[in-house]
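What follows is a short report on a single structure.
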Amino acid sequence: KLIEYPDREALVLQLAQDIAGRLRQALRSDGRATLCLPGGSTPLPVFKALAAARLDWGRVVVVPGDERWVPADHARSTLA
């Protein structure tokens, strides 16, 4: 399903709302939630919008994720 947005800001806000909604659903049904965040600078606007969401963040486990396959000591590694 392709959804077009009028601009990047609209996309960012909708994505943050969607993620927050799924986290709320997990908190209601399971009492906790896990959110895996990718690295890099591209998702930063979404993270900033999501940070403003009214959630019980104390019950949300946030873990880093990275799709890059580079050695841990590589300059582009998030582990370096």
Side-chain angles (χ1 to χ4, degrees):
K1 178 179 172 183
L2 176 64
I3 301 172
E4 294 187 42
Y5 295 90
D7 54 36
R8 182 181 169 112
E9 184 177 343
L11 169 66
V12 164
L13 292 175
Q14 185 61 56
L15 184 54
Q17 288 175 2
D18 289 350
I19 294 170
R22 289 177 183 253
L23 290 171
R24 280 188 196 94
Q25 182 179 9
L27 290 171
R28 277 193 304 271
S29 65
D30 301 333
R32 62 187 175 87
T34 302
L35 176 62
C36 183
L37 299 177
S41 60
T42 303
L44 286 178
V46 175
F47 299 161
K48 288 179 181 179
L50 184 58
R54 290 181 164 236
L55 290 166
D56 184 355
W57 287 104
R59 296 189 300 140
V60 178
V61 175
V62 179
V63 296
D66 198 338
E67 73 287 353
R68 294 174 284 181
W69 288 76
V70 297
D73 60 348
H74 189 278
R76 303 243 355 183
S77 172
T78 57
L79 301 175

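No hydrogens, no waters, no symmetry mates; every other heavy atom, side chains included, goes into these values.
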Partner set under side chain to side chain donor-acceptor pair (under 3.5 Å) for Q17, not counting sequence neighbours: none
Apart from L50 itself, members of its ILVMFWY cluster (side-chain separation under 4.5 Å) are V12, L15, I19, L23, L27, L35, L37, L44, V46, F47, L55, W57, V60, V62
Identify the heavy atoms of S41 and P45 that sit nearest to each other, and give their distance. O-CD, 4.0 Å
Determine whether more than 12 heavy atoms belonging to other residues, nucleotides or ligands lie under 6.0 Å from atom CD of Q14. yes
Of all heavy-atom pairs between C36 and G65, which one has the smallest distance, and what is that distance? SG-CA, 3.7 Å
Side chain to side chain donor-acceptor pair (under 3.5 Å) against R24, all qualifying residues, sequence neighbours excluded: none
Answer yes or no: are there more than 12 heavy-atom neighbours, outside R59 itself, under 6.0 Å from its atom CZ? yes
